[in-house]
Amino acid sequence: QVQLVESGGGLVQAGGSLRLSCAASGRTYSGYVSGWFRQAPGKEREFVAAVRGNADNTYYADSVKGRFTISRDNAKNTLYLQMNSLKPEDTAVYYCAYRAGAIIMTKTTSYDYWGQGTQVTVSS
(Lines give C-alpha, C1' and ligand atoms only; values in the text may rest on other atoms or scores of the structure.)
Protein backbone atom coordinates (compact mmCIF):
# COMPACT_ATOMS: atom_id res chain seq x y z
CA GLN A 1 0.00 0.00 0.00
CA VAL A 2 1.06 3.58 -0.70
CA GLN A 3 -0.28 6.67 1.04
CA LEU A 4 -0.06 10.09 -0.59
CA VAL A 5 -0.70 13.43 1.10
CA GLU A 6 -0.70 16.68 -0.87
CA SER A 7 -0.10 20.15 0.49
CA GLY A 8 0.69 23.64 -0.76
CA GLY A 9 -2.52 24.63 -2.47
CA GLY A 10 -4.14 28.00 -1.98
CA LEU A 11 -5.36 31.21 -3.55
CA VAL A 12 -3.03 33.16 -5.83
CA GLN A 13 -3.41 35.96 -8.35
CA ALA A 14 -2.91 35.36 -12.05
CA GLY A 15 0.78 35.43 -12.89
CA GLY A 16 1.76 34.18 -9.46
CA SER A 17 3.39 30.96 -8.33
CA LEU A 18 2.68 28.04 -6.03
CA ARG A 19 4.56 24.89 -5.14
CA LEU A 20 2.63 21.75 -4.38
CA SER A 21 4.12 18.90 -2.37
CA CYS A 22 3.09 15.27 -2.11
CA ALA A 23 4.52 13.16 0.70
CA ALA A 24 4.51 9.43 0.04
CA SER A 25 4.68 6.62 2.55
CA GLY A 26 4.46 2.88 2.27
CA ARG A 27 5.98 0.63 -0.35
CA THR A 28 7.25 3.04 -2.99
CA TYR A 29 9.98 2.54 -5.53
CA SER A 30 11.89 5.45 -7.01
CA GLY A 31 12.00 3.78 -10.43
CA TYR A 32 8.23 3.92 -10.76
CA VAL A 33 6.15 6.85 -11.98
CA SER A 34 4.66 9.67 -9.93
CA GLY A 35 2.36 12.24 -11.42
CA TRP A 36 0.06 15.20 -10.94
CA PHE A 37 -3.50 15.45 -12.19
CA ARG A 38 -6.13 18.13 -11.75
CA GLN A 39 -9.89 18.37 -11.82
CA ALA A 40 -11.85 21.56 -12.35
CA PRO A 41 -15.54 21.81 -11.41
CA GLY A 42 -17.72 20.02 -13.93
CA LYS A 43 -14.74 18.59 -15.80
CA GLU A 44 -12.96 15.27 -15.91
CA ARG A 45 -9.70 14.73 -14.10
CA GLU A 46 -6.84 15.51 -16.45
CA PHE A 47 -3.13 14.77 -16.61
CA VAL A 48 -0.73 17.56 -15.72
CA ALA A 49 2.78 16.10 -15.40
CA ALA A 50 4.67 12.94 -14.50
CA VAL A 51 8.19 11.88 -13.58
CA ARG A 52 10.01 8.59 -13.56
CA GLY A 53 13.10 7.61 -11.64
CA ASN A 54 15.43 10.33 -10.47
CA ALA A 55 13.63 12.97 -12.55
CA ASP A 56 15.55 11.91 -15.63
CA ASN A 57 12.31 11.39 -17.48
CA THR A 58 9.46 13.91 -17.28
CA TYR A 59 6.37 14.58 -19.35
CA TYR A 60 3.94 17.50 -19.33
CA ALA A 61 0.54 18.33 -20.68
CA ASP A 62 0.76 20.96 -23.41
CA SER A 63 -1.33 23.35 -21.32
CA VAL A 64 1.34 23.58 -18.60
CA LYS A 65 4.56 23.03 -20.54
CA GLY A 66 7.05 25.78 -19.86
CA ARG A 67 5.16 27.01 -16.78
CA PHE A 68 5.09 23.97 -14.46
CA THR A 69 8.01 21.84 -13.30
CA ILE A 70 7.67 18.42 -11.71
CA SER A 71 10.43 17.10 -9.48
CA ARG A 72 10.99 14.43 -6.90
CA ASP A 73 13.22 14.12 -3.85
CA ASN A 74 13.62 10.39 -3.43
CA ALA A 75 15.49 10.76 -0.15
CA LYS A 76 12.44 12.52 1.31
CA ASN A 77 9.96 10.44 -0.70
CA THR A 78 8.30 13.67 -1.78
CA LEU A 79 6.96 14.81 -5.13
CA TYR A 80 6.73 18.49 -6.08
CA LEU A 81 4.96 20.61 -8.66
CA GLN A 82 6.32 24.12 -9.11
CA MET A 83 3.66 26.19 -10.84
CA ASN A 84 4.64 29.56 -12.32
CA SER A 85 2.77 32.09 -14.44
CA LEU A 86 -0.51 30.74 -13.13
CA LYS A 87 -3.70 31.42 -15.06
CA PRO A 88 -7.35 31.38 -13.95
CA GLU A 89 -7.84 28.25 -16.05
CA ASP A 90 -5.35 26.44 -13.80
CA THR A 91 -7.94 26.58 -11.02
CA ALA A 92 -8.69 23.01 -9.94
CA VAL A 93 -8.19 20.41 -7.27
CA TYR A 94 -4.72 18.97 -7.81
CA TYR A 95 -4.04 15.31 -7.08
CA CYS A 96 -0.79 13.43 -6.88
CA ALA A 97 -0.75 9.85 -8.05
CA TYR A 98 1.61 6.90 -8.03
CA ARG A 99 1.88 4.23 -10.64
CA ALA A 100 3.44 0.84 -9.92
CA GLY A 101 5.13 0.80 -13.29
CA ALA A 102 8.10 2.39 -15.07
CA ILE A 103 6.38 3.83 -18.13
CA ILE A 104 4.88 7.30 -17.95
CA MET A 105 1.16 7.19 -18.67
CA THR A 106 -1.38 10.00 -18.87
CA LYS A 107 -4.64 8.19 -18.17
CA THR A 108 -6.08 8.21 -14.66
CA THR A 109 -6.81 4.51 -14.89
CA SER A 110 -3.07 3.79 -15.22
CA TYR A 111 -2.36 5.02 -11.68
CA ASP A 112 -2.76 2.84 -8.65
CA TYR A 113 -2.71 5.24 -5.70
CA TRP A 114 -4.08 8.74 -5.22
CA GLY A 115 -3.87 11.54 -2.70
CA GLN A 116 -6.90 13.38 -1.37
CA GLY A 117 -6.24 16.50 -3.43
CA THR A 118 -5.39 20.12 -2.71
CA GLN A 119 -7.31 23.14 -4.02
CA VAL A 120 -5.57 25.68 -6.23
CA THR A 121 -7.50 28.83 -7.05
CA VAL A 122 -6.12 31.46 -9.42
CA SER A 123 -7.91 34.80 -9.43
CA SER A 124 -7.91 37.13 -12.43
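Residue numbers start at 1 and run along the sequence shown.
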Give every donor-acceptor pair under 3.5 Å between a side-chain atom in residues 99-111 and any protein atom, sequence neighbours left out.
unit_1	atom_1	unit_2	atom_2	d
Arg99	NE	Ser110	O	3.1
Arg99	NH1	Ile103	O	2.8
Tyr111	OH	Met105	O	2.6

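- In the hydrophobic clustering of ILVMFWY residues, with side-chain heavy atoms under 4.5 Å counting as a link, Val51 and Val48 come out together.
- Partners of Ser7 according to the side chain to side chain donor-acceptor pair (under 3.5 Å) rule, which considers only residues two or more places apart in sequence or in another chain, do not exist here.
- In this structure, Lys65 places its NZ atom where more than 12 heavy-atom neighbours from other residues, nucleotides or ligands lie under 6.0 Å away.
- Every side chain to side chain contact (heavy atoms under 4.5 Å, CB included) that Ser63 has, sequence neighbours left out, goes to Arg38, Ala61.
- Linking Ile, Leu, Val, Met, Phe, Trp and Tyr whenever their side-chain heavy atoms come within less than 4.5 Å puts Val120 and Trp36 in one cluster.
- Shortest non-hydrogen contact noted between Thr78 and Ser21 is CG2-CB, 4.3 Å.
- Residues that satisfy the salt bridge (Lys or Arg N to Asp or Glu O under 4.0 Å) test with Glu89, not counting sequence neighbours, are absent from this structure.
- The ring-ring contact (aromatic ring centres under 6.0 Å, His included) check on Tyr60 picks up nothing, with sequence neighbours excluded.
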Determine all donor-acceptor pairs shorter than 3.5 Å in which one atom belongs to a side chain in residues 10-19; sequence neighbours excluded.
unit_1	atom_1	unit_2	atom_2	d
Ser17	OG	Asn84	OD1	2.9

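- Within the 3.5 Å criterion, the main-chain N or O of Gln116 finds a donor-acceptor partner in the side chain of Glu6.
- Rounding to the nearest 0.5 angstrom, the gap separating the OH atom in Tyr59 from the CZ atom in Phe47 is 7.0 Å.
- Once rounded to the nearest 0.5 Å, the distance linking OG1 of Thr58 with CZ of Arg72 reads 11.0 Å.
- The salt bridge (Lys or Arg N to Asp or Glu O under 4.0 Å) contacts involving residues 111-124 comprise nothing, where partners must be two or more places apart or lie in separate chains.
- Under a hydrophobic clustering in which Ile, Leu, Val, Met, Phe, Trp and Tyr are joined whenever their side-chain heavy atoms come within less than 4.5 Å, directly or via other members, Leu79 and Met83 fall into the same cluster.
- Atom CG of Leu20 and atom CZ of Phe68 lie 8.0 Å apart (nearest 0.5 Å).
- Scanning for side chain to side chain contact (heavy atoms under 4.5 Å, CB included) contacts around Gln3 gives Gln1, Ser25, with sequence neighbours left out.
- Closest approach of Gly9 and Thr118 over heavy atoms only: N-OG1, 3.2 Å.
- For Tyr113, there are no ring-ring contact (aromatic ring centres under 6.0 Å, His included) partners, not counting sequence neighbours.
- Taken together through direct or relayed side-chain contacts under 4.5 Å among Ile, Leu, Val, Met, Phe, Trp and Tyr, Leu81 and Val33 form parts of separate hydrophobic clusters.
- Applying the side chain to side chain donor-acceptor pair (under 3.5 Å) criterion to Tyr98, with sequence neighbours excluded, gives no partner residue.
- Scored by the side chain to side chain donor-acceptor pair (under 3.5 Å) test, Thr28 finds Asn77 as partners (sequence neighbours excluded).
- For the pairing with Phe37, the ring pair (Phe, Tyr, Trp, His ring centres under 6.0 Å) check across Tyr95, Tyr94, Trp114 returns one residue only, Trp114.
- In terms of the salt bridge (Lys or Arg N to Asp or Glu O under 4.0 Å) criterion, residue partners of Arg67 (sequence neighbours excluded) are, by chain and number, Asp90.
- Gly35 and Ile70 get closest at one heavy-atom pair: CA-CD1, 4.3 Å.
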